[in-house]
Amino acid sequence: LKRRVSQNSLNTLDWENDRKLVMSSGAPFHVKLLGVVEVEKGRGVDVCEAAIQSLKGNTKNKRKLVLTVKADCLRSVDEETNEVVFDQPIEKVSFCSPFPGHTRLFSYIAREAHTKTWMCHCFASMKEPGERVCHAMGCAFTACMRRQQTRIAELNKQRAAKKAKMALEEKAKQEAEAPVPVRLGLSS
């Protein structure tokens, strides 16, 4: 499976274009699904390597997919049937890594929604180096983190505004309930 990486695929303009695609319609990569393995931890190159190694003896026909990396999800669609195989929210992906020593292999680890287990999704890229696919995933992680930071900042603004409003209402209530001082006029 080892192949030479073409100079064209290492072109930084291609990688920059991937970033733009991730932020718009999604960056598509043609891949073969090697398999999905339950793992103990949600991160680590060693965890990804062990998952890929465990699949090396698996000689079944590998499913050809188009893995589209978007700012909000990773979507894998079967090339032949157009069936969605995975639609993984980017928030559930905890780690991705190219396979050292093999330019086309890469994997990502994600938390399964129903079982809460860590699953390592292992792939062989058919055209691009695995590092490029991981770079696109990194762009998606960055976009996700920025969205979360923006949401947090907006929530903090809303909380501060609500707190200020409540303080003003409390002050107005106290002023309304305060007794009005009465001045008694004494004549001389």
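- Leu105 and Leu55 fall within a single hydrophobic cluster, where Ile, Leu, Val, Met, Phe, Trp and Tyr side chains are chained together by heavy-atom contacts under 4.5 Å.
- Looking at Ile109 and Val93, their side chains never come closer than 4.5 Å, going by heavy atoms from C-beta outward.
- Going from atom NZ of Lys70 over to atom CG of Asp87 covers 7.5 Å, rounded to the nearest 0.5 Å.
- Atom CD of Glu131 sits about 9.5 Å away from atom OG of Ser97, to the nearest 0.5 Å.
- With contacts defined as side-chain heavy-atom distances shorter than 4.5 Å, the pair Cys120/Val36 does not qualify.
- Closest of all the heavy-atom pairs between Trp118 and Gly42 is CD2-CA, 3.4 Å.
- Using a 4.5 Å heavy-atom cutoff, the side chains of Gln88 and Cys73 are not in contact.
- Here the SG atom belonging to Cys48 is positioned 10.5 Å from the NE2 atom belonging to His121, to the nearest 0.5 angstrom.
- Checked against Leu67 for a side chain to side chain contact (heavy atoms under 4.5 Å, CB included), the options Leu33, Leu74, Val77 give a single hit: Leu74.
- Residue Glu40 qualifies as open at atom CD: its count of foreign heavy atoms under 6.0 Å is 12 or below.
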Review point. Passes side chain to side chain contact (heavy atoms under 4.5 Å, CB included), Met126 versus Lys64? Steps please.
Key: CA-CA 9 Å; Met126 293 167 34; Lys64 291 182 180 180; 4.1 Å; yes
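- One finds the CD atom of Glu83 at 11.0 Å from the OG atom of Ser76 (value rounded to the nearest 0.5 Å).
- The minimum heavy-atom distance linking Ile52 with Cys122 is given by the pair CG1-SG, 3.6 Å.
- Annotation for Glu154: atom CD counts as buried by contact number, over 12 foreign heavy atoms lying within 6.0 Å.
- Taken together through direct or relayed side-chain contacts under 4.5 Å among Ile, Leu, Val, Met, Phe, Trp and Tyr, Met145 and Phe141 form parts of separate hydrophobic clusters.
- When all heavy atoms of Asp72 and Glu91 are compared, the pair lying nearest together is O-OE1, 4.2 Å.
- In terms of heavy atoms, Val37 sits closest to Ala51 at CG2-O, 4.0 Å.
- If you take CD on Glu112 and OG1 on Thr117, they are separated by 5.5 Å, rounding to the nearest 0.5 Å.
- Relative orientation of the Phe86 and Phe123 rings is perpendicular, given thresholds of 30° and 60° on the angle between their planes.
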Exercise for review: Run the numbers on Arg146 and Thr142 for side chain to side chain contact (heavy atoms under 4.5 Å, CB included), then give the verdict.
Suggested key: CA-CA 6 Å; Arg146 286 185 181 145; Thr142 300; 3.6 Å; yes
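- When side chains are defined from C-beta on, Ser125 counts as touching Phe106, because their heavy atoms get closer than 4.5 Å.
- Within the 4.5 Å cutoff, the side chain of Phe99 has no heavy atoms near those of the Arg104 side chain.
- Summarising the geometry of Asp78 relative to Val85, their closest heavy-atom pair is N-CG2, 4.0 Å, with the distance given to 0.1 Å.
- Contact check on Glu169 versus Lys162 returns no salt bridge, with no Lys/Arg side-chain nitrogen under 4.0 Å from an Asp/Glu carboxylate oxygen.
- Across every non-hydrogen atom of Cys134 and Pro98, the tightest pair is SG-N, 3.4 Å.
- Side-chain contact between Val66 and Phe29 is absent, with no heavy-atom pair separated by less than 4.5 Å.
- You'll find the side chain of Arg111 stays beyond 4.5 Å of the side chain of Ser94, heavy atoms only.
- Two residues are said to be in side-chain contact when any heavy atoms from C-beta on lie closer than 4.5 Å; Leu155 and Gln158 meet this criterion.
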Exercise for review: Just do the salt bridge (Lys or Arg N to Asp or Glu O under 4.0 Å) check on Asp18 and Arg132 with the steps written out, would you?
Suggested key: CA-CA 9 Å; Asp18 291 341; Arg132 182 171 171 189; 2.4 Å; yes
